Structures are given as structure tokens and as C-alpha cells.
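Below is one structure, written out as C-alpha cells, with a few remarks after it.
Being a predicted model, the structure only gives us computed values, none of them experimental.
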Amino acid sequence: MAETREELFYTQKHISDTIGEAELKESDTYCARYMDFLQKARTERLANAEAVRLAKAYGFCEFDRNAPLKAGDRIYKSVRGKMLLLAVIGKRSLAEGVNICAAHIDSPRLDLKQLPLYEQNEIAYLKTHYYGGIRKYQWVTIPLELHGVVALRSGETVNVNIGADPSDPILYVSDLLPHLAAKQSEQPLAKAIPGEKLNIILGSLPVRGDSGADRVKLNVLKILNKKYGITEEDFLSAEIEAVPAFPVREAGLDRSMIAGYGQDDRVCAFAELQALYEVEAPEKTAVCVLADKEEIGSVGVTGMESHAFECFMGDMCAKQGVELRHCLESSFCVSADVAMAFDPTWPEVSDMRNTAKLNYGVGIAKYTGRGGKSGSNDASAEVMGKLRRIFADANVTWQYAELGKVDEGGGGTVALYMGNRNIDTVDAGVPVISMHAPYEIVAKLDCYMTYKAMKAVYLSK
Ligand code: MN
Ligand code: MN
């Protein structure tokens, strides 16, 4: 029977007060790896490529649906270069279900329009269409880099990469000078920077000796053609993303935090990956999902709603003569997406009793959504209980993470799409400060704890 206040009260502890020296070192090693990954994984395609490169180094092979599959096998399948599915085959039958960790590798950004290039008053520009939930005022007057692919008429594909190398030029979206911004400053934040003004400055020099129109545009096209062999029409079949060119850095005098772009949700994606890389011969098959398109509703062929997931899982089940639906029915999924970290500068949006804080561990959420939990997965008590058990057994520090006060706003994850598949699913991830900003902050100890959490999920029985 519980009698003392220690036994009766639920109290949360700062990780720093409970973690040992050996684990602190492990956390530092882990976070250095994560920072390296984040620096390379600037887009969903680049995250996919880096994850595959690392997976190969950890003994993973591309899944061959015609080859035999046995316990201990390590496989991956890249879905159109933008979604990644990996698995370590367990000792037990897939009929007993699998343990899934599902994160996403797309992040808010500025996509180039399909006819982006124009010249206005002797400056060449690229028009953009923002992707995901951005606060538009945060994307002006910061250094930007471009990444993506151009699919040529020949069937060949060209990779675009401008600005990532420190010797490259960066790109830029302008804003008004304060001297002349009196009217703009009276606008609500959401309206002060209209989407059609998020135009990227691409160049300012005309072609010398040319007397035709649009000489600056012609000059940048010449540069692009020389570098990539492309012409203006090729933008039609291109997918080019402008992302912040800020380097990933340690943050805080005590170096306790990490600043970087796209930590929603690459911080959980990497936790899942590193944990899976280190899993060998688990009881149940461990599956890592890195989905695309979460930030715009998990849509499309590479989003979590896509049957690409069923295709991969179904192929594995067929190898063991197991019905896919029976495997899914017995499976368990953690939707690993970032939580909101309490921000003491903006306390008014949080319910202090239910919010996640920096350095208190992986944040778990029974539900997300908005209003009356609309658009959420709302995990059952039993599923929450199972997760508590898994984390307690593996000594994982966790905390509860509700996304802000009721009726303050809200958000979603891939959790409901896993729930739709008849898979028990719950949300858990790293708390983030300034989520969706061009530069986001997380605490190193929370990153490490989330990696430990993912490993515990893969190894759970
Ligand atoms: Mn997310
Ligand atoms: Mn997000």
C-alpha cells in the first residue's frame, strides 16, 4: 500500500538529477551524431539519402521481395526517394505483430513554384509557395539555400544544391526597412508578409553586351544552364525547396541544447534510426517509418496515408504466409513526432500541469488535434499503460506533453493514420522550442532519452 507523499504523488525529475556519468557521455556521443545527421538532412530527400547511407554501414540491405527473409535480417525500402521504411526481422512470427516507430522527414519550407523565374526592375527572382505551417514573417531576411531535383524531358534527373557549401552564395527574401514600414507594422503578424511576397532574390547583374529584355533573368539562366544543364521550361518538372542556410549549432553557454532547422521531425527520425541501427535479432520485428508529407496532412504517395506502407508490410507478411491485417491488428506503434516544449517567455499558451519541459525527457501524448480533440488519434488507457511499462522497464525518463491550452490552437501527427490501420498507436517525441521556425531549439538530454525510448519500443515484447 502507498502511504508516503513520495509514493502517492506523481513527481517529475530533471534528467540532470537522475542520469549517471556514463549515460551523460553516451548522450554527448549520440547528440554529436544527431547534429551531423541534421546538418546533412536538409530536405526529405536528403534525410532519406543520409539514412540509407548510414543503414548500409549498419548492415542493412535493400528489400528484395523475391528473396528469402529470416530472423535477424536488416532491410530497407526507399519509397520514391522521399519516404523510408526499414525493418529488423524478429524471432517471432509477424502474426504476433511488429513494433513500429513512425516519424516524418519533411519540414516546413518555401517550395519553388513551377514557373518561378522572373525579372522585375533588373532583379531576378524565384516565386515560392510555402509548404506546411510557417509564420511567414520569420522567413524574410534570413540566408536560404536551395535543394531538390529537376526531372528532364530525357528522363534524366539532376540534383540541385545551392548555398549549403560555405563557399556558395546564399539566397534571400527581402522585407521593408523600418523607416518605411509604418503601415506594414500595423498589420497583424499573419498578414504583414503575404505569401506572394515571399520571392527569392536570385541575381542582379545583366548579361553584358545584350540589348534584349530581361537581361538579368537571362544571366541567371545562363549560370543555371552551365551548372545543371537546365532551361526555364525544366522548372515545370522540378521539385526545389528553399530552406534556411543556418548551420546546426550547440546552443546555450552550457551547450545543453541544439539549434537547427527541421528538427520537427528529424530529431525523432534520427532517434528512431540510430535505435534501429543498434537493434539485433529482436523478439518481434522492429519497423522504422520515415514518412514524407506530414506537414501538409500525410497525403500523397509518400505520405503516411499511402499504401506504400501496406506494400512493404504485406511483402514481409507474404514471406511468412501471414495475413497483413492480422499482423497489423497485433502491432504497436509509437508516432514519434516532436512535442511543444514549455517556453517561459510565452507561458500563457500552456497548461503548466500538462505541458512538456526541456530536459524532462521524451514527451508522450494521449491525443493531439484541436478543439474537442478533433483530428487526433486519442490512444486508449491500455496503450498509454503499455508505453509506461515499456519506458519504466528500460529506465526511460518521460513526461506528459499536451500541445498548449485547450482551445488555444493545436496540431496533428501521423498517429491517426496508423490508428486507421487497426494498429495501437500513441504519440511520443522530443520537446521543441519555437517549433516550425527556421531555427528550432531542443535539449540534448531529451534527444538522448527519445533515442532510448525508441530502442525500448523496438525491443518490447
Ligand atoms: Mn512533426
Ligand atoms: Mn510540424
Side-chain angles (χ1 to χ4, degrees), residues 33 36-37 40-94 98-106 147-149 151 155-159 239 265-266 268-282 284-294 300-322 324 327-328 331 333 336 414 418 421 454-455 458:
R33 278 193 190 142
D36 186 57
F37 173 81
K40 293 171 181 153
R42 311 298 279 176
T43 66
E44 70 283 16
R45 285 177 192 267
L46 293 171
N48 183 316
E50 180 62 8
V52 168
R53 189 185 73 78
L54 292 169
K56 284 179 178 164
Y58 279 95
F60 283 72
C61 296
E62 198 169 353
F63 180 43
D64 175 359
R65 62 167 65 97
N66 298 312
L69 199 60
K70 57 179 193 309
D73 278 359
R74 306 159 80 74
I75 56 170
Y76 73 86
K77 182 176 180 178
S78 170
V79 181
R80 297 166 175 89
K82 302 206 282 185
M83 179 191 202
L84 190 64
L85 302 158
L86 306 99
V88 178
I89 309 304
K91 294 174 201 152
R92 282 157 54 182
S93 163
L94 288 165
V98 300
N99 288 317
I100 306 166
C101 293
H104 66 94
I105 49 176
D106 62 316
H147 294 283
V149 298
E156 197 191 329
T157 303
V158 182
N159 288 312
E239 212 166 29
D265 184 31
R266 294 171 194 140
C268 295
F270 187 72
E272 279 185 20
L273 278 173
Q274 190 60 41
L276 189 78
Y277 293 155
E278 293 168 11
V279 163
E280 277 170 33
K284 287 186 175 177
T285 295
V287 178
C288 170
V289 179
L290 303 183
D292 179 29
K293 297 281 182 274
E294 192 279 340
V301 76
T302 51
M304 201 64 251
E305 283 200 274
S306 162
H307 282 261
F309 177 73
E310 275 75 8
C311 184
F312 178 68
M313 295 296 299
D315 280 344
M316 284 200 293
C317 284
K319 292 277 151 201
Q320 297 187 0
V322 171
L324 172 62
C327 169
L328 299 184
S331 292
C333 173
V414 300
M418 302 312 267
R421 292 178 159 108
M454 298 302 131
K455 201 182 242 181
Y458 289 138

S306 side chain to T302 main-chain N or O, any donor-acceptor pair under 3.5 Å?
-> no
Without swapping roles, check the side chain of D315 against the backbone of F312 for a donor-acceptor pair under 3.5 Å.
-> no
Ionic contact status for E305 with K293, cut-off 4.0 Å = no
d(Y58 OH, L276 CG) to nearest 0.5 Å is 11.0 Å
Least distance between heavy atoms, A308 atom then M83 atom = CB-SD, 4.1 Å
Check: F60 ring centroid to Y76 ring centroid under 6.0 Å | no
Is a side-chain donor or acceptor of E294 paired with a backbone partner of D106 at a separation under 3.5 angstrom?
-> no
How far apart are the closest heavy atoms of C317 and C327, and which atoms are they?
-> SG-CB, 3.6 Å
Ignoring hydrogens and angles, tell me if any N or O in the side chain of R74 forms a donor-acceptor pair with the backbone of V88 under 3.5 Å.
-> no
Within the distance-only criterion (no hydrogens, no angle test), does the side chain of D73 pair as donor or acceptor with the backbone N or O of I89 below 3.5 angstrom?
-> no
Considering non-hydrogen atoms only, spot the tightest contact between A102 and C333 and give its length.
-> CB-SG, 4.2 Å
Could you tell me whether a side-chain N or O of Q320 sits under 3.5 Å from a main-chain N or O of L94, the two making a donor and an acceptor?
-> yes
Checking R42 side chain against H147 main chain: does a donor-acceptor pair fall under 3.5 Å?
-> no
Under 3.5 Å, side chain of K319 to main-chain N/O of P68, donor-acceptor pair present?
-> no
Can you tell me how far the NZ atom of K82 sits from the CG atom of N48, to the nearest 0.5 Å?
-> 10.5 Å
Is the backbone of A87 close enough, under 3.5 Å, to the side chain of K77 for a donor and an acceptor to pair up by distance?
-> no
Apply salt bridge (Lys or Arg N to Asp or Glu O under 4.0 Å) to the pair R33 and E278, showing each step before the final yes or no.
-> CA-CA 14 Å; R33 278 193 190 142; E278 293 168 11; 3.8 Å; yes
